[in-house]
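What follows is a short report on a single structure.
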Amino acid sequence: MKINKKFKQVMRFSHLWLGLLTGIIVLIISLTGCIYVFEKEIRGYLDKDYAFVPVQQAPQASLGLLLRSFEKMAPDQKISSITIRHTAQNATVAFNTNKHLVYYLNPYNGQLVKKSKLDFLDTVEEIHTSLLLGDQGKFIIRWSVVVFVIMLITGLILWFPGQMRLLKQALTIKWKGSTKRVNYDLHNVLGFYASGILLVISLTGLYFGFKEIKTVFSFFSGSKLTEGKKAAPGIMPDTASTTSARYEHMYQKAMVQFPGANLTSLSIRKDGNIRLRLNYPAEWARKRNTFFYNSENGQLIRSKLYKDFNRADVIEASIYDVHTGQFFGLFGKIVATIASLISASLPITGFIIWLKKKKKKKSKKSVYTPQNYEGKLTAV
């Protein structure tokens, strides 16, 4: 299949200048993505000294007791989230604060095990999602990924060989060729092999940044995202009760009604309400029950249970794992990492190709004049 020459010129022009415009951002996103794919494994190694305490023949402390203990040791800190792991009774409970500190408390008595700042993985995640620039950085990241998707598509069009006899050449790297040829092949051949995976990674990444992308995914699933069920009107809890009592009530009620979770997280949302999420063991799509509460009185606002998920909800629950390759286990993580490394190399090899062509054009435009009686020539 032959591609119109003018069309290909437009594709080449778009691919070049979009690449020069966003190359550094793509490089940063790709490298930080490579690291964060193995976030669980890295964090498990970094946190091993304070993720667990010695096993005791004693019951675990209530969440209310842990909260009161935290309030005493850090009265000036506001909680942003709490993480409770149920995989082991001796797992510490993590309290994150709005001042980017993490307090790890002993699950038996609420004593402080470790106080630390957010680790480098949290910084990696922030760079990956916002370049450490807040909302402005998120805007840059979102649109850079959009541009990258366009580059992947234009790159595939440019890669497509004009004749089938050239297909083998387009699929292999000529390692014995010149440095220029090897660099060209690394850009084109590796870019082609990784393009499908990179499109999946990019589009799933855009899912988090654009409501329109969520709408598209929902459309193809044949269903719409649900917000869950609104809570039925009931007797309002005592608004004068303490914060620790309200958290304890929310947590205990959810755990009793929906047992078996391996991870519980409570977080304060931007609207001030509390989100409690129970995560359950799952082979494929994440199984999680989510509850939203009024922070002032502990009243349940709405809940979203995984047993009620439609196809769009399953996609939403799975999209992060697909984005990072975790959906396909260790194999998926390795593939995602390799694809991301190739993605990081594309701006570099592409820039080298552009520089080489630029130098070649300059040398062709040079005009030579006699310099001296010995016949030497110089460029002007």
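As the structure is a prediction and not an experimental result, all values here were calculated from the model.
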State whether F52 and R85 meet the cation-pi test: NZ (Lys) or CZ (Arg) under 6.0 Å from the six-membered ring centroid, and within 45° of the perpendicular axis. yes
Following the transitive rule for hydrophobic clusters with a side-chain heavy-atom cut-off under 4.5 Å over Ile, Leu, Val, Met, Phe, Trp and Tyr, establish whether F327 and V200 coincide in one cluster. yes
Determine, using the 4.5 Å side-chain heavy-atom cutoff (strictly less than), whether F192 and F160 are members of one ILVMFWY cluster. yes
Do I153 and V189 sit in one hydrophobic cluster, given that two such residues count as connected whenever their side-chain heavy atoms are within less than 4.5 Å of each other, even indirectly? yes
Test salt bridge (Lys or Arg N to Asp or Glu O under 4.0 Å) applied to E316 and K304, R311, R286, the passing residue: K304
Given ring pair (Phe, Tyr, Trp, His ring centres under 6.0 Å), test Y193 with W159 step by step and report yes or no. CA-CA 11 Å; Y193 284 124; W159 168 89; 8.2 Å; no
Separation of T264 OG1 from M250 CE (nearest 0.5 Å): 14.0 Å
With sequence neighbours excluded, give me every side-chain hydrogen bond (donor to acceptor under 3.5 Å, both in side chains) pair touching residues 58-84. Q77-T97
Which donor-acceptor pairs under 3.5 Å do side chains of residues 329-338 form with protein atoms, sequence neighbours excluded?
| unit_1 | atom_1 | unit_2 | atom_2 | d |
| --- | --- | --- | --- | --- |
| K333 | NZ | E41 | OE1 | 3.1 |
| K333 | NZ | E41 | OE2 | 2.7 |
| T337 | OG1 | K333 | O | 2.8 |

Between D122 and R43, is there a salt bridge with N-O shorter than 4.0 Å? yes
Taking the side chain as every heavy atom from C-beta outward, state whether L65 and Y108 have any atom pair closer than 4.5 Å. no
Linking I/L/V/M/F/W/Y whenever any side-chain heavy atoms sit under 4.5 Å apart, do Y306 and L300 land together? yes
Using a strict 4.0 Å threshold on nitrogen-to-oxygen distance, state whether R181 and D185 make a salt bridge. yes
Quick one: are F292 and N273 in side-chain contact, heavy atoms under 4.5 Å? no
Trace of the salt bridge (Lys or Arg N to Asp or Glu O under 4.0 Å) decision for D135 with R142: CA-CA 11 Å; D135 290 338; R142 284 198 301 265; over 6 Å; no
Closest approach of F95 and I79, non-hydrogen atoms and distance? CD2-CD1, 3.8 Å
For Y280 and P259 the tightest heavy-atom approach is CE2-O, 3.2 Å
